[in-house]
Amino acid sequence: MTAYRLFNRRMAIAEMGKAGLAIVVFGAAACSNEATTLPGDSTNPVDNSSSQPTTSTTPAEATTTVLVGSSFQRIDLGFVSAYILYRGGEAALVDTGVSGSEGAIETALGAIGLGWDAVGHVIVTHKHPDHQGSLGAVVALAPAAQLYAGAADIPAMEAVAIPAAVGDGERVFGLEIIETPGHTAGHISVLDTVAGILVTGDALNGVAGSVAGPDAGFSEDMTVAIESVTKLAGFTYQVALFGHGEPVLSEASGQVNELASSLG
C-alpha cells in the first residue's frame, strides 16, 4: 500500500472515531464493482469454449471479468472493499463496508442480476467500522439473511444486528470459516474450497498486485496476526480478496506461503 493510500485510510478511520460511523460514506457512484468467475464450482459448469477473459460494462458501471466457473463480486468502496460470493441465485455478503454502503452493495447485486432477496448470508470478518458499518442497514434490506462473525468481536458490533458466532472449520453457504485473530481478537477469514477463493478481511492486504501482511498500525496483536498468516499458508487457493488492496487472481496461496516464510 502506498504511503498516500495508507495516510488516507488512517485519516478516514480517525474521522469515523471522532464523529461516528456515518462520517465517511462511499456511495454507489464512487464504486467500481467487479464480478469474476473462476474455475471449479460445480454449480457453475466450466465453459471451455474460451480460455481468455472477457470484459463487458453494464449501465451500472460494473466491470465483469469472466474467467470460467464460480463467481465473486467486488464492492470497491475506495479505501476498503466488501465482496459477494454467489451461486445458483443465492449470495453470501462478506463484510458491509462503512456506514452508508448499502447503496453500493445494492448496485453490485444488480450488476450480477441479483437483489436483496438473494442475500441469504452475511459474514463479517471483524468488528472495525469500515467492515461492519452498514450491518444494520443490510439487515433491514435483507431481513432473511443469517449473520455470522467471530465470537470475540461480536460484542463490539451493532446491537440491532447481532451475528451468530462461527469458528474454525464451520461452514456457511458451503464456505469454510478460518479463525485468523491478531488484527482483532475475533477476526475470521472465509475460504471457498471449491472455487479456490480466500476472503481475508484484514488478516492480509494487497499491495502492488501482491500479497502483503497485516498492518501493524491497525492490528491488536501482531505476534498473533503473523501466526494467522502462517495458518492461511496451510490452505490452497488461487484467489485472495482483501479488505484493503487489489485482489490477487492467481497463485495466491503460493504468495502467502512465501510471505509466511519471510515473517517467520
Side-chain angles (χ1 to χ4, degrees), residues 26 28 30-38 41 44 60 62-67 69-87 90-98 101-116 118-126 128 130-135 137-138 141-142 145-150 163 166 171-178 180 183 187-206 211 232 235 237-250 252:
F26 297 90
C31 299
S32 172
N33 303 313
E34 295 181 356
T36 303
T37 302
L38 299 159
D41 184 353
N44 290 283
T63 300
T64 300
T65 304
V66 179
L67 299 179
S70 186
S71 301
F72 72 84
Q73 174 88 341
R74 181 187 182 190
I75 308 164
D76 187 347
L77 299 165
F79 79 101
V80 68
S81 293
Y83 296 91
I84 302 165
L85 303 179
Y86 63 99
R87 62 175 71 89
E90 188 175 3
L93 175 64
V94 183
D95 287 338
T96 68
V98 295
S101 296
E102 62 271 18
I105 296 169
E106 184 171 319
T107 297
L109 285 166
I112 53 176
L114 300 177
W116 288 109
V119 181
H121 318 272
V122 179
I123 305 169
V124 182
T125 61
H126 63 290
H128 288 163
D130 54 334
H131 291 260
Q132 61 101 11
S134 290
L135 185 57
V138 166
L141 292 164
Q146 300 297 308
L147 314 181
Y148 309 90
V166 289
R171 288 187 175 267
V172 174
F173 189 47
L175 308 170
E176 183 174 350
I177 303 299
I178 305 170
T180 47
H183 183 73
H187 192 289
I188 58 174
S189 299
V190 180
L191 177 62
D192 186 331
T193 55
V194 175
I197 301 170
L198 176 71
V199 187
T200 74
D202 286 2
L204 295 168
N205 290 286
V211 176
L232 289 174
F235 295 85
Y237 38 88
Q238 284 294 312
V239 173
L241 308 177
F242 313 107
H244 305 280
E246 295 300 310
V248 170
L249 298 179
S250 65

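For the numbers below, each heavy atom of this structure counts, side chains included, while hydrogens, waters and symmetry mates do not.
Within the 4.5 Å cutoff, the side chain of V199 has heavy atoms near those of the L85 side chain. Residues H244 and V80 are in side-chain contact: their nearest non-hydrogen atoms beyond the backbone lie under 4.5 Å apart. No side-chain heavy atom of V190 sits less than 4.5 Å from a side-chain heavy atom of V172. Side-chain contact between L232 and Y237 is present, with heavy atoms from C-beta onward closer than 4.5 Å.
Without hydrogens or angle criteria, S134 side chain to V98 main chain gives a donor-acceptor distance under 3.5 Å. A donor-acceptor pair under 3.5 Å links the side-chain atoms of T96 to the main chain of L135, judged by distance alone. Formation of a donor-acceptor pair under 3.5 Å by the S71 side chain with backbone atoms of Y86 is not found in this model.
Counting only N and O atoms by type, the side chains of D95 and H126 include no donor and acceptor under 3.5 Å apart. Looking only at atom types and distance, the side chain of S189 has no donor-acceptor partner in the side chain of T200 under 3.5 Å away.
Interatomic distance, T125 OG1 to I188 CD1, rounded to the nearest 0.5 Å: 7.0 Å. Rounding to the nearest 0.5 Å gives a distance of 10.0 Å between OG1 of T107 and CD of Q73. A distance of 9.5 Å separates CD1 in I75 from OH in Y83, rounded to the nearest 0.5 Å. Taken from OG in S81 to CZ in R74, the straight-line distance is 3.5 Å, to the nearest 0.5 Å. Here CD1 of I197 is found 6.0 Å from CZ of F72. Values are rounded to the nearest 0.5 Å. The distance from the CD atom of E102 to the CG atom of L93 is 11.5 Å, given to the nearest 0.5 Å.
Residues I84 and I105 come closest through the heavy atom pair CD1-O, 4.5 Å. Between L141 and W116, the shortest heavy-atom distance links the atoms O-CB, 3.3 Å. Between L114 and A91, the closest heavy-atom pair is CD1-CB, 4.1 Å. Heavy atoms only, all atoms of each residue included: F235 and E176 are closest at CE2-OE2, 3.8 Å.
Salt-bridge annotation for R87 and D192: present, with a side-chain N of the basic residue lying under 4.0 Å from a carboxylate O of the acidic one.
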Worksheet item: Would H183 and D202 count as a side-chain hydrogen bond (donor to acceptor under 3.5 Å, both in side chains) if you check the C-alpha gap in whole Å, the side-chain angles of each, and the deciding distance to 0.1 Å?
Response: CA-CA 7 Å; H183 183 73; D202 286 2; 3.1 Å; yes
Worksheet entry | side-chain hydrogen bond (donor to acceptor under 3.5 Å, both in side chains) assessment of E90 paired with H121 | CA-CA 9 Å; E90 188 175 3; H121 318 272; 3.0 Å; yes
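Annotation: H131 is not in aromatic contact with H187 [ring centroid separation under 6.0 Å not met].
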